[in-house]
Amino acid sequence: MASYSPARWVKEIDGQVSRLLRRVDWRKLSDKGQKAADELKQNLTDARIYAQDYELSEMREEQIDNAKKAKKYLDKSRQDILRVSEFNVFGPVDVAHLTAQIDQLKAELR
């Protein structure tokens with residue numbers, strides 16, 4: 001996925017999360033679990049917006065600022081993945097895969 005742009009990479013991660021969340025029976029998930037999943041989706045959306053801004057930045061300072069903001073939302077997403085997994089939405093392999101991708105993406109944002 002290193003050949004993807006940062007915004008495309010976040011979109012790919014978001015798609016993976018969406019596919020995993022579609023398997024969930026929302027009626028059986030607690031309110032806290034639903035809230036954690038909603039926050040995860042929102043944080044991935046925010047990360048994608050700042051990753052797009054990072055790509056479109058014309059000045060280095062602006063690029064650095066957008067990279068910091070994207071990383072902040074990626075960190076929140078990483079924490080949300082762990083929180084959602086506490087409600088048995090994601091398995092250990094899913095958590096490891098998603099968090100590894102987020103860590104790689106953060107390393108690409110300079």
Side-chain angles (χ1 to χ4, degrees):
M1 285 200 202
S3 62
Y4 284 172
S5 70
R8 171 89 190 272
W9 204 346
V10 176
K11 187 175 182 178
E12 181 66 27
I13 294 168
D14 187 35
Q16 291 172 34
V17 166
S18 293
R19 284 188 291 281
L20 291 168
L21 290 176
R22 276 196 293 267
R23 300 184 312 190
V24 174
D25 184 354
W26 292 96
R27 294 170 297 182
K28 294 180 181 177
L29 192 61
S30 70
D31 288 343
K32 288 182 180 181
Q34 289 180 18
K35 183 178 180 200
D38 289 341
E39 288 175 6
L40 170 58
K41 293 292 290 174
Q42 183 60 53
N43 285 325
L44 285 170
T45 298
D46 292 340
R48 188 175 71 236
I49 289 168
Y50 285 112
Q52 287 172 336
D53 290 348
Y54 166 84
E55 293 170 14
L56 298 173
S57 299
E58 293 182 13
M59 299 180 66
R60 182 65 182 143
E61 296 82 23
E62 184 181 5
Q63 191 177 39
I64 291 169
D65 184 52
N66 287 321
K68 284 181 187 177
K69 290 175 182 174
K71 287 179 185 181
K72 177 180 116 179
Y73 286 104
L74 287 169
D75 282 336
K76 287 182 177 185
S77 297
R78 192 177 194 287
Q79 292 170 356
D80 290 338
I81 288 167
L82 295 173
R83 225 176 46 177
V84 171
S85 72
E86 293 173 4
F87 299 97
N88 298 319
V89 174
F90 301 140
V93 173
D94 299 324
V95 171
H97 181 70
L98 291 168
T99 57
Q101 288 183 74
I102 288 172
D103 291 343
Q104 285 180 308
L105 175 54
K106 283 177 49 187
E108 293 290 318
L109 292 167
R110 298 183 205 104

> CD/Gln101 to CG/Leu74 distance, rounded to the nearest 0.5 angstrom?
Replying inline: 11.5 Å
> Of the options Thr99, Val95, Asp94, which is the one that meets Ser85 in a side-chain contact (heavy atoms from CB on, under 4.5 Å)?
Replying inline: Val95
> So do the side chains of Leu20 and Val89 get within less than 4.5 Å of each other, counting heavy atoms only?
Replying inline: no
> Taking side chain as C-beta onward, heavy atoms only, is Val17 less than 4.5 Å from Val84?
Replying inline: no
> Run the side chain to side chain contact (heavy atoms under 4.5 Å, CB included) check on Leu82 and Phe90 step by step: do they pass?
Replying inline: CA-CA 8 Å; Leu82 295 173; Phe90 301 140; over 6 Å; no
> Are the charged groups of Asp80 and Arg83 less than 4.0 angstrom apart, N to O?
Replying inline: yes
> Say you draw a straight line from CD of Gln104 to CD1 of Ile13; how long is it, rounded to the nearest 0.5 Å?
Replying inline: 9.0 Å
> Which atoms form the tightest heavy-atom contact between Tyr54 and Glu108, and what is the distance?
Replying inline: OH-O, 3.9 Å
> Do Ser18 and Lys41 have side-chain heavy atoms sitting under 4.5 Å apart?
Replying inline: yes
>> Salt bridge or not between Lys71 and Asp75? Use side-chain N to carboxylate O under 4.0 Å.
In response: no
> Can you tell if the side chain of Lys106 reaches within under 4.5 Å of the side chain of Ile102, non-hydrogen atoms only?
Replying inline: yes
> Can you check side chain to side chain contact (heavy atoms under 4.5 Å, CB included) on Lys72 and Asp46, steps first, answer last?
Replying inline: CA-CA 10 Å; Lys72 177 180 116 179; Asp46 292 340; over 6 Å; no
> Which pair of non-hydrogen atoms, one from Ser57 and one from Asp53, has the smallest distance, and what is that distance?
Replying inline: OG-O, 2.6 Å
> Can you check whether Ile64 reaches Lys68 side chain to side chain, under 4.5 Å on heavy atoms?
Replying inline: yes
>> Hydrophobic clustering (ILVMFWY, side-chain heavy atoms < 4.5 Å, transitive) - are Leu56 and Val10 grouped together?
In response: no
> Would you say the side chains of Arg19 and Gln16 form a donor-acceptor pair under 3.5 Å?
Replying inline: no
>> For the NZ atom of Lys35 and the CG atom of Leu29, what is their distance to the nearest 0.5 Å?
In response: 13.5 Å
> What heavy-atom pair brings Trp26 and Ala37 nearest, and what distance separates the two atoms?
Replying inline: CH2-CB, 3.6 Å
>> With rounding to the nearest 0.5 angstrom, report the CD to CZ distance, Glu12 to Arg48.
In response: 12.0 Å
> Would a hydrophobic clustering, with Ile, Leu, Val, Met, Phe, Trp and Tyr connected at side-chain separations under 4.5 Å, put Leu40 with Ile49?
Replying inline: no
> Which atoms form the tightest heavy-atom contact between Ala51 and Ala70, and what is the distance?
Replying inline: N-CB, 4.0 Å
> Of all heavy-atom pairs between Leu105 and Pro6, which one has the smallest distance, and what is that distance?
Replying inline: CD1-CA, 3.8 Å
>> Run Thr45 and Tyr73 through side chain to side chain contact (heavy atoms under 4.5 Å, CB included) and show every step you take.
In response: CA-CA 9 Å; Thr45 298; Tyr73 286 104; over 6 Å; no
>> Check whether Glu55 reaches the backbone of Ala7 with its side chain - one donor and one acceptor, N or O, closer than 3.5 Å.
In response: yes
> Just by distance, do the side chain of Asn66 and the backbone of Glu62 share a donor-acceptor pair under 3.5 Å?
Replying inline: yes
>> Asp65 vs Lys69, test: salt bridge (Lys or Arg N to Asp or Glu O under 4.0 Å). Steps then yes/no.
In response: CA-CA 6 Å; Asp65 184 52; Lys69 290 175 182 174; 3.1 Å; yes
